[in-house]
Amino acid sequence: MKLKTHFAAAASALALLASAAMAKDTVTYATQLEPPHLDPTGGAAQAIDTVVYLNIFEGLTRFTPDGAVVPLLAKSWEISEDGLTYTFTLQEGVTFHDGTTMDAEDVKFSLDRARAEDSTNAQKVLFSAISDVSVADPQTVVVTLSEPNGSFLFNLAWGDAVIVAEESAETLKTAPVGTGPYRFNEWVQGDRVELVRNPNYWGDVPELTGATIKFISDPTAAFAAMMAEDIDAFDNFPAPENMIQFEADPRFQVIIGSTEGETILSTNNAQAPFDNVKVREALAHAIDRQAIIDGAMFGYGTPIGTHFAPHNPAYVDLTGQSNYDPDKARALLAEAGLADGFTTTLHLPPPAYARRGGEIVAAQLAQVGITAEIINVEWAQWLETVFKGKNFGLTIVSHTEPMDIGIYGRPDYYFQYDNPEFQDVMTRLNATTDPDQRTALLQDAQRMIADDYVNGYLFQLAKLGVAKAGLQGVWANAPAAAIEIGALSWAE
Amino acid sequence: MNRSLFLGGLLSGIMLLLAIVSFVWTPFDHAVMNIPDKLQTPNGTHLLGTDHFGRDILSMVMVGARTSLAVALLAVGIGIGLGVPLGLAAAATRGSWLDEVIMRGNDLVFAFPSLVIAILITAVFGPSAINAIIAIGIFNIPVFARVARGGSLSLWAREFILAARVAGKSRARISAEHILPNIANLLIVQGTIQFSLGILAEAGLSYVGLGAQPPTPSWGRMLAEAQTLVSLAPHLAIVPGCAIIVTVVGLNLLGDGLRDRFDPRLMEGRA
């Protein structure tokens, strides 16, 4: 009897050992774009956040997969009555990967660095409300704002607001040092970034011991790599047509969610004839959103009628206001004195939503007499001519920053919408902390840009996640660009 | 009638016919998208199926033939139009500095990998069918210049040319009136082969997005767009791929057949 128990114990121990040896404890994750460098506080590219956010770097607050903002390095905070003073209490025992302690001085340094005159932070506007950052004690930071800012905690959750150490701040681009659960190991340019688990992590130690993030830009190669199981998961798969095959294959799970990407037919509001609101309204009625979603995205995507994410509680469905009605579009063009149509340019960056969507948009515009000459451009060229040069008529692009309706309050932004009333709403929104009032203002803003037909609002970009069947913890939605390795695990 | 001439003529004739017919008639409007009908396999309505936008592939291939043939034809035209006079001039002034300048210039153009330079040209001046024509055309110039010079050199030593010179005709006039007609067969054979290479080059350029721009259909771009869909709807890649193969094989056979018929060296052997 006793012998038997021993046997059983030995056998189960063996089995445990075997399964521990067999179980996968790393992950190979792929994403389409390679970051230009690895410093999220020094570049606008979303690809940087995809690799480092929540893995290497952490901020005072963070986004959860469903888009909520929760404490991270700040354990808790108090907001003064007037909404001007934020007192953050920091987590204890947090160290950077180089062994130095993360304390209030580092927070002060990071925030001051980001908002400094000569700061290279791509989202400086996030910190514009800060008037002073002071250290009360090593675990307490007091941030004073010059005016109340209802989205301040949200702003601090961005990848651009992560906490860095003064000692390593200069070399973050190639040797990122943060407080996150994973440490930077190696970056093979053009191929992959390797991360290893941080054994000294202050929070719960994550399940996986390491991760490789591979960069595969070509959709065909991405499909091949996934099919050959060279990669375990793809962050946002570039070819929607392949999702059917992944769904049919028991080796894979398909996780469809939403991104923060409002895909729009961006219109140069400062260029004739688009400076005429009638022409922009005609444009809106000439576009059949469902055809674009079906044709370019194989059905993945949610139609939008304004520049706002449908999954946000403050969203107003205004798609009916710009319904597909080519006759109305023709009539509006005639009213604007352009009964014979006109010719314009349509700049298309590389992603499928733009290239394919653009072909469909051009065909639809042709139906109402507008000739849109397609110009395919690479991203660098797009940034140069369209975004910086503002030398375009139309373009298709997905604005992937979360809650970015504020760009309509910037008259020098590339589509050049200049409406003082809207700018006023944005100013009031920034000064409002009451959630109900904020919602009301956000809805006003959504209606305003829909009434002005600033851009052609097409659809909310879907997140087409695909992963091996056993992988758990994959973010379905993308409230921010991120692959949170710490949340991943393999099913038994 | 030799076999390759017949087969080549037949295959390239079919493609030419498709291209010509497309000017007056295609089964559907090649530009009209009908998204609910996308990715149909070949059937009674759409003989070669539909693409990812629900466009009729047969219509696209027909109009695409037009694009391919026009680009290749004009590119060969540039090659003949500039290369042949250069070659004739070089042969007429054999050994002079002009001959040297022309032929070394040719070597220079030859030394560059043609497709890479074509990519450079279209990248600098923007992708369009016109720029593709120019890019492919430039690389046809030295080919025709060499053929023209080589063919002419042997003729310059012949008695009838000597007679023309004695009669007081200028070198330029002799080149135009006596040399050119006698090397025409060489040029036709070379032209056919360059034509097929031009079609391949156009397909290659539009495959990488540097040829004719949408919505103008082009075989190369159809192939590129079919890439991610190949496991879902293989006909999207097979159809334009076959169109390219048939045209290029047809033109090569035609070129072979024409050479058998016209090449003076082969003719002498036969006589």
Using heavy atoms and a sub-4.5 Å threshold, report which of residues 130-138 of chain B line up against chain A, by residue number.
->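 When heavy atoms of chain A are the reference, residues 130-138 of chain B contributes no residue within the under-4.5 Å range.
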Residue part contacting chain B, namely of [X], when any heavy atom lies under 4.5 Å:
| X | answer |
| --- | --- |
| R355(A) | neither |
| I244(A) | side chain |
| N376(A) | both |
| A291(A) | both |

Kindly say whether T385(A) contributes a backbone atom to a donor-acceptor pair with the side chain of N391(A) at under 3.5 angstrom?
->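 Side chain of N391(A) to backbone of T385(A), a donor-acceptor pair under 3.5 Å: no, none is there.
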So do the side chains of Y29(A) and V474(A) get within less than 4.5 Å of each other, counting heavy atoms only?
->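 Side-chain contact under 4.5 Å: yes.
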Against chain A, label Q213(B) side chain, backbone, both or neither, depending on which of its atoms sit under 4.5 Å from a heavy atom there.
->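 Contact with chain A: side chain only.
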Validate the cation-pi geometry between R66(B) and F23(B): distance from NZ or CZ to the six-membered ring centre under 6.0 Å, angle to the ring axis within 45°.
->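 Ring-cation test returns yes.
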N/O donor-acceptor pairs under 3.5 Å from side chains in residues 230-241 of chain B, not counting sequence neighbours:
| from | atom 1 | to | atom 2 | distance (Å) |
| --- | --- | --- | --- | --- |
| S231(B) | OG | Q245(A) | NE2 | 2.6 |
| H235(B) | NE2 | Q40(B) | O | 2.9 |
| H235(B) | NE2 | T50(B) | O | 3.4 |

Side chain to side chain contact (heavy atoms under 4.5 Å, CB included) partners for F110(B), two or more places apart =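 Result, side chain to side chain contact (heavy atoms under 4.5 Å, CB included) vs F110(B): P142(B), V143(B), R146(B).
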Report the residues that fulfil side chain to side chain contact (heavy atoms under 4.5 Å, CB included) with L265(A), sequence neighbours left out, ordered by chain and then residue number.
->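 L265(A) satisfies side chain to side chain contact (heavy atoms under 4.5 Å, CB included) with L283(A), I287(A), L346(A), V361(A), L394(A), I396(A), L458(A) only.
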Indicate yes or no: does D191(A) engage K214(A) in a salt bridge with an N to O separation below 4.0 Å.
->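 Counted as a salt bridge, because a side-chain N and a carboxylate O are separated by less than 4.0 Å.
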Could you tell me whether K463(A) and D235(A) make a salt bridge, using a distance below 4.0 angstrom between a side-chain N and a carboxylate O?
->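 A salt bridge is present here (some side-chain N lies under 4.0 Å from a carboxylate O).
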